[in-house]
Amino acid sequence: MSFHEVIVAGGGISGLYCAWRLADAGHQVLILEASLDRWGGRIETEDMDGFVAEYGPMRFEPTLQPRFSSLCQELGVKLTEFSGPEGEEVNAPSYDVPPEEQGLNSLQLLKRGIMLIMGRDPSDQDWIDSLTEADYARMRKHAQFNGQPLWNMGFWNALSSEGVLSHLALTKLRDTGTFYHMIPENLNAIEWIIWWLRALKTVGQQLASVDGGTAKLTDGLMARLRVHPNITLAGGHTLTGFRPVALGKSRLELDVHTTSGTLKLETDRLILALPRLPLVKLASHLPEHVAARLNAVNGFPMLKVFFVTDTPWWDYEQRPQQYANCLPTREIHYFRRPRDDDRDGHGMVLLYMDRPSTEFWKHYVTKPNNHDRAEMDHNVNIVDAFSLFVARDVKRLVDERRTSFKLTDRARSLFAEQSLDRARDMIKESIVTYGIRDWARAPYGAANHGWQPGVRSWKVMELFKAFDFGNGAKNVHIVGEAYSDYQGFVEGALNTSELTLASIPAKPVAEVAADIAPLSPL
């Protein structure tokens, strides 16, 4: 049986980060990753005909996410401005809302509801801008609404309360707002209010993406781990069980599945850097009071589809989000090569969505039970569906002589002359590559997470940072965005990692000096 001082299960950002910091502190670390050749967890950047296609996270707020920003600087990863969906208002039905809600768009309605819940004037932007992380921490524990702790309420329930928002206003918000409203999920009210108070800040706000793709983060971490003498990387290794080696003992015995059979490993410390779905599968191996809290969060789906065309029908001035309501999607983004690029002529479309649109596209995934990366060019039926949606809308715009959609002159001429069937075939024939990523599929089970109503998140985070099997060792840890104070982002994964790292005793200097020999392969 092979012994390793620290074993990290999961090769996502939190697992790689914990391993790096512990190895730098002199600990000998083994990292287990179920995928044979994919590291970085939900981070996935693909090259599609020269375009950077982000199938995982793609936008960050470095001024509000200091640990993410610091990690980028440490790894030499550069950030670039992200152009968000700022297109025209979705052309939706009118809603017979009360006078005080009339004329407000979906974001203004959401802000109004949040401020009324918090007992503030909806126009008090200075209060929002003044809030700090310390203020948010106090809100989590103490904020109340109508005499009830906000952590014990659902966000939808709070927004629907007397004196907040009308049901029709919430319907408009649900139908026309960004998916970050999370109304149908009805998450923990105070947690999602805090999420939005961060997003509504106007001071220091900066929306950015990683220059060259978010996988630069993974590449930077892996480059350091691969040459670190204290680290062993083991791809294709799945943790299937663990337990104390004997009653009252702190050392743990692990069952690990590989392509060649099952291994038995021993360790003094286990860090579970796994998504919620594989964690739930391991629940029977956890102490009962820990396993019971795995359901403290909801996982929710998000799905991305990319199409690259050699004959874009939109011009360079096309804004994101315009006519997103004409397809089953929440967001739509348009990309073109720069005008001076000698490969000019190609373009890329991104569809980015939550429920119910995910239910339409998810059936085009061909390997639903092993979806650990984007499927590229697997199912041409997805091109058929997309081409029909686009052809119907673009041809209608041309027939009605509407100019709001920035069509190229060539596209406007072609669609004016062709039938709907021919227009659909033209778009289909122009698609040179495509891909789909459904984060609700195994092994992840969700794109990101939110705390359930009735959960005191700070208590769960405190428990998960370090626990034991009744022997006082505090040598098992759960890290990752799911059970964090910044869910859905790399920042949350790093925050839980730092909580756990702070709970692990520093290694004596003499031991660090002695442990300088490279680790042998697993």
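- Looking at W39 and L16, their side chains come closer than 4.5 Å, going by heavy atoms from C-beta outward.
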* Asked: What's the verdict on side chain to side chain contact (heavy atoms under 4.5 Å, CB included) for F60 and F82, showing C-alpha distance, side-chain angles and the deciding distance?
  -> CA-CA 8 Å; F60 306 91; F82 181 87; over 6 Å; no
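- The shortest heavy-atom contact between S503 and A466 is OG-CB, 3.6 Å.
- Contact detail for T214 and P57: the closest heavy-atom pair is OG1-O, 3.0 Å.
- V52 has its side chain out of reach of F335: every pair of non-hydrogen atoms, C-beta onward, lies at least 4.5 Å apart.
- One N or O on the side chain of R269 and one on the backbone of K474 form a donor-acceptor pair closer than 3.5 Å.
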* Asked: Given F306 and Y55, is the ring-ring contact (aromatic ring centres under 6.0 Å, His included) satisfied, shown in steps?
  -> CA-CA 9 Å; F306 287 87; Y55 282 92; 4.7 Å; yes
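- For the pairing with Q28, the side chain to side chain donor-acceptor pair (under 3.5 Å) check across T267, N230, D268 returns one residue only, N230.
- Using modelled atom types and a 3.5 Å distance limit, the side chains of S160 and N157 yield no donor-acceptor pair.
- Note on R441 versus D438: salt bridge recorded, some NZ/NE/NH1/NH2 to OD/OE distance being below 4.0 Å.
- A salt bridge between E54 and R42 is absent, with no side-chain N of the basic residue lying under 4.0 Å from a carboxylate O of the acidic one.
- Residues D372 and S35 have side chains that bring a donor and an acceptor to within less than 3.5 angstrom of each other.
- In terms of the ring pair (Phe, Tyr, Trp, His ring centres under 6.0 Å) criterion, F469 has no residue partners (sequence neighbours excluded).
- Side chain of E33 to backbone of G235: no donor-acceptor contact under 3.5 angstrom is found.
- Atom CG in N495 sits 9.5 Å away from atom CD in Q65 (nearest 0.5 Å).
- The main-chain N or O of Y352 is never found under 3.5 Å from a side-chain atom of R330 such that the two would form a donor-acceptor pair.
- Side-chain atoms of T238 and L32, non-hydrogen and from C-beta on, never get closer than 4.5 Å to each other.
- Ring geometry for W192 versus W195: interplanar angle under 30°, hence parallel rather than tilted (30 to 60°).
- Atom OG of residue S2 and atom CG of residue L265 lie 5.5 Å apart, to the nearest 0.5 angstrom.
- Looking at K304 and W361, their side chains never come closer than 4.5 Å, going by heavy atoms from C-beta outward.
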* V460 and V297: side chain to side chain contact (heavy atoms under 4.5 Å, CB included), yes or no, with the steps? -> CA-CA 10 Å; V460 179; V297 298; over 6 Å; no
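- For the atom pair CG of N379 and NE2 of H363, the computed distance is 12.0 Å after rounding to the nearest 0.5 Å.
- Annotation: K216, atom NZ; neighbour count of heavy atoms from other residues, nucleotides and ligands within 6.0 Å does not exceed 12.
- Under 4.0 Å is where a charged nitrogen must lie from a carboxylate oxygen, and between E44 and R437 at least one such pair does.
- Nearest heavy atom pair, residue P453 against residue N186, reads CG-O, 3.2 Å.
- In this structure, D124 CG and D129 CG are separated by 9.5 Å, a value rounded to the nearest 0.5 Å.
- A salt bridge does not link E491 to R67: none of the charged side-chain nitrogens sits closer than 4.0 Å to a carboxylate oxygen.
- When all heavy atoms are compared, the tightest approach of L274 to P278 is CB-CG, 4.2 Å.
- Legend: residues meeting ring pair (Phe, Tyr, Trp, His ring centres under 6.0 Å) with Y486, ordered by chain and number and at least two apart, are F489.
- For the 3.5 Å distance criterion, the side chains of Y364 and E375 fail to qualify, holding no donor opposite an acceptor.
- One finds a salt bridge joining E133 and R198 here, because a Lys/Arg side-chain nitrogen approaches an Asp/Glu carboxylate oxygen to under 4.0 Å.
- At distances below 3.5 Å, at least one donor-acceptor pair connects side-chain atoms of H181 with backbone N or O atoms of I183.
- Judged purely by atom type and a 3.5 angstrom limit, T496 uses its side chain to pair as donor or acceptor with the backbone of G480.
- E46 places no side-chain N or O within donor-acceptor distance of the main-chain N or O of G435, the cut-off being under 3.5 Å.
- L303 contributes atom CG, which lies 10.0 Å from atom NZ of K362 (distance to the nearest 0.5 angstrom).
- Every residue two or more places apart in sequence or in another chain was checked for a side-chain hydrogen bond (donor to acceptor under 3.5 Å, both in side chains) with W151, and none qualifies.
- Atom CG of residue L282 and atom OG1 of residue T240 lie 7.5 Å apart, to the nearest 0.5 angstrom.
- Across all non-hydrogen atoms, the minimal contact from N369 to A442 is O-CB, 4.1 Å.
- The side-chain heavy atoms of M139 and L197, taken from C-beta on, include a pair separated by under 4.5 Å.
- A 4.5 Å side-chain heavy-atom check between R243 and L252 finds every atom pair outside the cut-off.
- Taking the ring pair (Phe, Tyr, Trp, His ring centres under 6.0 Å) definition, one finds that Y434 meets it with nothing, sequence neighbours left out.
- For the pair L165 and L109, the tightest heavy-atom approach, listed with the atom from each and the gap, is CD1-O, 3.5 Å.
- Distance alone, capped at 3.5 Å, places no donor-acceptor pair between the E61 side chain and the L207 backbone.
- A donor-acceptor contact closer than 3.5 angstrom is absent between the side chains of D255 and T262.
- By the ring pair (Phe, Tyr, Trp, His ring centres under 6.0 Å) test, W439 pairs with Y444, sequence neighbours left out.
- There is a side-chain donor-acceptor pair under 3.5 Å between E481 and H449.
- Considering only heavy atoms from C-beta on, Y483 comes within 4.5 Å of L279 through its side chain.
- A donor atom on one side chain and an acceptor atom on the other are found under 3.5 Å apart for E331 and H333.
- In this structure, the side chain of R140 engages the main chain of D485 through a donor-acceptor pair within 3.5 Å.
- Put simply, the side chain of T500 gets close to the backbone of K465: a donor and an acceptor are under 3.5 Å apart.
- In this structure a side-chain-to-backbone donor-acceptor pair under 3.5 Å is present from S357 to T329.
- Side-chain contact check for K78 and Q73: no donor-acceptor pair (N or O, by modelled atom type) lies under 3.5 Å.
- For residues 256-301, the set of pairs meeting the ring-ring contact (aromatic ring centres under 6.0 Å, His included) definition, not counting sequence neighbours, comprises F242-H285.
- Side-chain contact check for H27 and E5: at least one donor-acceptor pair (N or O, by modelled atom type) lies under 3.5 Å.
- No side-chain N or O of N298 forms a donor-acceptor pair with one of E185 less than 3.5 Å apart.
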* To do: Determine, stepwise, if the pair N475 / R251 fulfils side-chain hydrogen bond (donor to acceptor under 3.5 Å, both in side chains).
  => CA-CA 9 Å; N475 61 343; R251 182 166 288 185; over 6 Å; no
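- Contact annotation: the side chain of N188 never approaches that of Q452 to less than 4.5 Å [non-hydrogen atoms, C-beta and beyond].
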